[in-house]
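Below is one structure, written out as structure tokens; comments come after it.
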Amino acid sequence: MLWPIAPQFWGLRAAAAGLNPNEKGNYAAEWFQQDFPQFFTVGTEDAPAQSLVPSAMLEQLIDQANAALSPGRWGPDWRRAAGLYVAHYAALYLRTYAPGSHTPGQAAASGALQGTITSAKLGNDSVGYSADALTKATADWGDLNATQYGQQLAARARLIGLGGGYVI
């Protein structure tokens with residue numbers, strides 16, 4: 001059960017857990033390109049690699065990673081964690097990306113959840129999907145189930161949390 005905490009004590013749990021809300025990371029697009037080149041076009045001498053995620057969105061995702069993941073808490077795994085965070089949300093973004101839509105239905109369909117294939121039929125083309133595999137392994141980790149990057153981040157976060165950082 002979660003008990004309400006008086007305002008004067010709001011920061012105590014975070015401090016006791018080793019979290020510093022004022023600590024911000026410095027992950028950058030250059031690191032993301034080095035760590036996750038799959039999110040960039042193949043560059044040549046004449047045409048350098050370009051991000052497949054629009055630059056404004058990529059910067060927003062990097063800012064979110066820097067704010068959400070404390071370098072002091074993650075230690076030497078921080079750069080990897082920040083990269084996995086950005087890759088996870090970049091992959092989710094690209095799943096829904098379209099250069100434009102002709103109808104509201106097309107726009108809505110771009111955000112449809114598609115799970116793993118659970119059954120297939122060749123005659124009359126039938127395919128069955130299940131999202132259970134996306135949600136069971138890390139049920140309490142929100143959307144981190146939806147990509148392999150997120151699952152890796154959740155797995156690392158579980159290990160980072162084993163050191164007694166949980167405070168009630």
(request) Kindly write out the residues that satisfy side-chain contact (heavy atoms from CB on, under 4.5 Å) with Thr44, not counting sequence neighbours, or none if the list is empty. (result) Asp46, Ala47
(request) Sequence neighbours left out, what pairs pass side-chain hydrogen bond (donor to acceptor under 3.5 Å, both in side chains) with at least one residue falling in residues 48-64? (result) none
(message) Minimum heavy-atom separation for Pro54 and Tyr97, please, with both atom names.
(response) CG-CE1, 4.5 Å
(request) Name all residues meeting the side chain to side chain donor-acceptor pair (under 3.5 Å) criterion together with Gln38; count only those two or more places apart in sequence or in a different chain, and write none if there are none. (result) Tyr149
(request) Over all heavy atoms of both residues, which pair between Ala65 and Ala82 is shortest? Give the atoms and the distance, please. (result) CB-O, 4.0 Å
(message) To the nearest 0.5 Å, what is the distance between CD on Gln148 and CG on Leu84?
(response) 11.0 Å
(request) Determine which pairs satisfy ring-ring contact (aromatic ring centres under 6.0 Å, His included) with at least one residue from residues 47-88, sequence neighbours left out, and list them in order. (result) Tyr85-Tyr89
(message) Using every non-hydrogen atom in the two residues, find where Thr147 and Ala91 come nearest and quote the distance to one decimal.
(response) CG2-CB, 4.0 Å
(message) Quick check: closest heavy atoms across Leu58 and Val86, and the distance to 0.1 Å?
(response) CD1-CG1, 3.9 Å
(request) Can you sort out the partners of Ala49 under side-chain contact (heavy atoms from CB on, under 4.5 Å), two or more places apart, ordered by chain and number? (result) Gln33, Phe40, Thr41
(request) Provide the closest heavy-atom pair for Ile62 versus Ala28 in the form atom of the first, atom of the second, distance. (result) CD1-C, 3.9 Å
(request) Provide the closest heavy-atom pair for Ala154 versus Leu144 in the form atom of the first, atom of the second, distance. (result) CB-CD1, 4.2 Å
(request) Check whether any side-chain heavy atom of Glu23 sits under 4.5 Å from a side-chain heavy atom of Arg73, and report yes or no. (result) no
(request) With sequence neighbours excluded, tell me which residues meet side chain to side chain donor-acceptor pair (under 3.5 Å) with Asp35. (result) Tyr27, Arg79
(message) Can you tell me how far apart CG (Asp77) and CG (Leu159) are? Round to the nearest 0.5 Å.
(response) 8.5 Å
(request) Find the distance between CZ (Phe36) and CZ (Arg80) and round it off to the nearest 0.5 Å. (result) 8.0 Å
(request) Return yes if some donor-acceptor pair links the side-chain N/O of Asn66 with the main-chain N/O of Lys24 below 3.5 Å, else return no. (result) no
